[in-house]
Engineer: 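One structure follows; several queries about it will come next.
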Amino acid sequence: MTGSADRPPVRIGHLGLGAFHRAHQVWFTQRSDPAWGIAAFSGRSTRPAETPAARDGVYTLVARGLDTDRFHRMRSLVAAYGADRIADLDRLVAERAVAVVTLTVTEVGYLLGPDGTLDPGNPLVHSDIAALREDSTLQSAPGPLLRALGARRRSGAGPIAVVPCDNVLGNGGRIRAALHGLASEVDRALPRWLNDHVSFVDTVADRITSATTDEDIATVTAATGRPDRAPVVTEPFAEWVLAGQFPAGRPDWAHAGAAFVGDSRPFEKRKLRLLNGAHLLLALGGLLRGHHTVDEAIADPALRQLTEQYWTAAAQDVPDAEACLAQLRARFASDRIRHSLRQIATDAEDKLRERVVPIVTELLAHRADPAPAARVISAWLAHTGVAPGTSQEDAALDRLVAGWSAERALRRALSRAELTAPSPNWSPPAHDTE
Ligand SMILES: NC(=O)c1ccc[n+]([C@@H]2O[C@H](COP(=O)([O-])OP(=O)(O)OC[C@H]3O[C@@H](n4cnc5c(N)ncnc54)[C@H](O)[C@@H]3O)[C@@H](O)[C@H]2O)c1
Ligand SMILES: O=P(O)(O)OC[C@@H](O)[C@@H](O)[C@H](O)[C@H](O)CO
């Protein structure tokens, strides 16, 4: 694929064309090196290809500050495809000029079980193994990526970097595990080729980006004078930390503020625990208390107090926690970014396992009070309608701790008072008697 006369040639493929990709990776790429074009595919929806902005990929990014909007014309997304065009990913990745494939396909998109290997209980694993063997329609995210990497192997285009940007612990290693798991089922030689030719980069990608609303579309059209069906509204803050090799080159993303590090784990711990863990508390507790967005939830004194207690507990051993928390207080409070609590609460069980259970484990190991972190779990149980002391609660907690070290002690601790007492008041504020 080549760019049109005034657009850059495609050197990056992306899977999971959503708001975040357009607010983050496209932004970093355009600001670093306008000679790198991106072709992006939706993971599941067929809609992106139908939006006028997506037809030529040009759209407006709104960097929404506390009192001003800055409008940026984004041109580095050269092509956008719906999931119905996913077969084109093969052609793209088979081209030598394409050096990087980025991914934003959500946590559950990785198809992994609690032990970090391909989840044999996931029906998508079975259907995609069959589809890879029969060359028929694939339904997951790792499936099409593996088929595309197979096309690169056949074309002899050489090594490439895979760069996942989801909020997943060790995301590079995780997507590697998913691809190796699938590859070993369909082609004996493919795992070795993956080992020798594909670099899996760990990343921490941060920029709070809400789903685009009709109001956003109207605002952008009025401000720019250009109709745009697919603008993206995001915060001014943006961070990208990357650890890994880029054997076929990459844009100089550091030029736009990205950091290349030897070990992304301290950054990952800071972001997943302080930002995403607190988001979960606010989302689950906030929905119970009748709120809709993060700014509403953090303005609720009862939730604010629980969040501050959570942060104090979660910040143990987190580098630069105080500076990060100072920023988060301001970022969460912005009522100009209407970040939906429902969106954040999606797939909460998987997210709790990764972001909150390890904090509880560490607090227990330090003989510290696990309650401030365990309350996120109690909010989840209340949100999902699981009553205290029932067999459903037992089953839910069993699933949450499965595979974690000191599983039994952790499970015992979670059944004790931490989950239920002092019981936070999850009722809507109007009924709050505090
Ligand atoms: N929005 C943010 O603030 C933000 C910030 C940091 C990281 N992220 C990461 O990016 C991901 C996407 O966020 P978004 O705001 O772009 O969401 P979005 O709903 O706008 O887009 C999600 C994209 O992923 C695809 N997708 C969803 N589930 C999938 C699955 N199971 N398999 C394959 N593809 C799938 C969708 O089709 C769509 O293309 C998040 O799950 C998160 O891991 C988001
Ligand atoms: O679906 P999640 O939980 O991975 O993410 C929901 C939000 O917490 C997330 O989108 C944050 O806004 C983002 O991680 C900020 O960089």
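What you see below is based on every heavy atom in this structure, not just the backbone, and it leaves out hydrogens, waters and symmetry mates. Counting begins at 1 with the first residue of the sequence. Keep in mind that what you see is a predicted model, and the values were worked out from it rather than measured. Whatever order the structure lists ligands and atoms in, that order sets their numbers, starting from 1.
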Engineer: Just to be sure I'm reading this right: ignoring hydrogens, which of Trp240, Tyr110, Phe20 gets closest to atom 8 (N) of ligand 1? Compare them by their nearest heavy atoms.
Structural biologist: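 The option holding the nearest heavy atom is Phe20.
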Engineer: Under the rule for ring-ring contact (aromatic ring centres under 6.0 Å, His included), what residues qualify as partners of Trp193, not counting sequence neighbours?
Structural biologist: His197
Engineer: Can the ring centres of Trp240 and Phe28 be said to be less than 6.0 Å apart?
Structural biologist: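 Between Phe28 and Trp240, which both carry aromatic rings, the centre distance is below 6.0 Å.
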Engineer: Please produce the table of protein N or O atoms sitting under 3.5 Å from N or O atoms belonging to ligand 2, one pair a line, distance to 0.1 Å.
Structural biologist:
from     : atom 1 : to     : atom 2 : distance (Å)
ligand 2 : 1 (O)  : Lys351 : NZ     : 2.8
ligand 2 : 3 (O)  : Lys351 : NZ     : 3.0
ligand 2 : 3 (O)  : Arg355 : NH1    : 2.8
ligand 2 : 4 (O)  : Glu107 : OE2    : 2.4
ligand 2 : 4 (O)  : Asn167 : ND2    : 2.8
ligand 2 : 4 (O)  : Arg355 : NH2    : 3.0
ligand 2 : 5 (O)  : Asn167 : ND2    : 3.4
ligand 2 : 8 (O)  : Asn276 : ND2    : 3.1
ligand 2 : 8 (O)  : His279 : ND1    : 2.6
ligand 2 : 14 (O) : Asn167 : ND2    : 3.1
ligand 2 : 14 (O) : Lys271 : NZ     : 2.6
ligand 2 : 14 (O) : Asn276 : ND2    : 2.9
ligand 2 : 16 (O) : Asp206 : OD1    : 2.5
ligand 2 : 16 (O) : Arg207 : N      : 3.0
ligand 2 : 16 (O) : Lys271 : NZ     : 3.1

Engineer: Would you say that Ile38 contacts His21 through its side chain, given a criterion of any heavy-atom pair below 4.5 Å between the two side chains?
Structural biologist: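 Side chain of Ile38 against side chain of His21, heavy atoms only: contact under 4.5 Å found.
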Engineer: Can you find a non-hydrogen atom of Lys271 under 4.0 Å from ligand 1?
Structural biologist: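 Within the 4.0 Å threshold, so yes.
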Engineer: For Leu77, is there any backbone N or O sitting under 3.5 Å from a side-chain donor or acceptor partner on Arg7?
Structural biologist: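 Here the side-chain-to-backbone pair exists.
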Engineer: N/O to N/O below 3.5 Å, does that happen between Leu17 and ligand 1?
Structural biologist: yes
Engineer: Given Val162, which of Leu103, Val201, Leu194 fulfils the side-chain contact (heavy atoms from CB on, under 4.5 Å) condition?
Structural biologist: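 Among the candidates, only Leu103 passes.
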Engineer: Within a strict 4.5 Å, meaning less than it, do heavy atoms of the Ile359 and Gln316 side chains meet?
Structural biologist: no
Engineer: Counting heavy atoms only, which part of Ile208 comes closer than 4.0 Å to ligand 1: side chain, backbone, both or neither?
Structural biologist: backbone
Engineer: Among Thr209, Asp206, Asp166, which one has a heavy atom closest to atom 9 (C) of ligand 1?
Structural biologist: Asp166
Engineer: Hey, is Ala205 touching ligand 1 through its side chain, its backbone, both or neither, going by heavy atoms under 4.0 Å?
Structural biologist: backbone
Engineer: Quick check: are there more than 12 heavy atoms from other residues, nucleotides or ligands sitting under 6.0 Å from CZ of Arg265?
Structural biologist: no
Engineer: Check whether any N or O atom of Cys165, backbone or side chain, sits under 3.5 Å from an N or O atom of ligand 1, and answer yes or no.
Structural biologist: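 Between Cys165 and ligand 1 (N or O atoms, distance only) the closest approach is not under 3.5 Å.
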Engineer: Any non-hydrogen atom of His24 lying under 4.0 Å from ligand 1?
Structural biologist: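 For ligand 1, residue contact (heavy atoms, under 4.0 Å) with His24 is absent.
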Engineer: By salt bridge (Lys or Arg N to Asp or Glu O under 4.0 Å), which residues pair with Arg207, not counting sequence neighbours?
Structural biologist: none
Engineer: So, His72 versus Trp27, ring centres under 6.0 angstrom or not?
Structural biologist: yes
Engineer: Which residue pairs satisfy the ring-ring contact (aromatic ring centres under 6.0 Å, His included) criterion with at least one member in residues 293-316, sequence neighbours excluded?
Structural biologist: Trp311-Phe332
Engineer: Applying a 4.0 Å heavy-atom criterion (strictly less than), which segment of Asn167 is in contact with ligand 1: side chain, backbone, both, or neither?
Structural biologist: both
Engineer: Quick check: do Asp33 and His255 have side-chain heavy atoms less than 4.5 Å from each other?
Structural biologist: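 In short, these two side chains do not touch, never coming nearer than 4.5 Å.
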Engineer: Judging by distance only, is a nitrogen or oxygen of Thr104 under 3.5 angstrom from one on ligand 1?
Structural biologist: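 So ligand 1 has an N or O lying under 3.5 Å from an N or O of Thr104.
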Engineer: Could you establish whether Ser140 and ligand 1 come within less than 4.0 Å of each other, counting only heavy atoms on the residue side?
Structural biologist: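 No, Ser140 has no heavy atom closer than 4.0 Å to ligand 1.
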Engineer: Have a look at Glu354 and tell me which of Arg273, Lys271, Arg174 forms a salt bridge (Lys or Arg N to Asp or Glu O under 4.0 Å) with it.
Structural biologist: Arg174
Engineer: Looking only at distances, can you tell me whether any N or O atom of His21, backbone or side chain, sits closer than 3.5 Å to an N or O atom of ligand 1?
Structural biologist: no
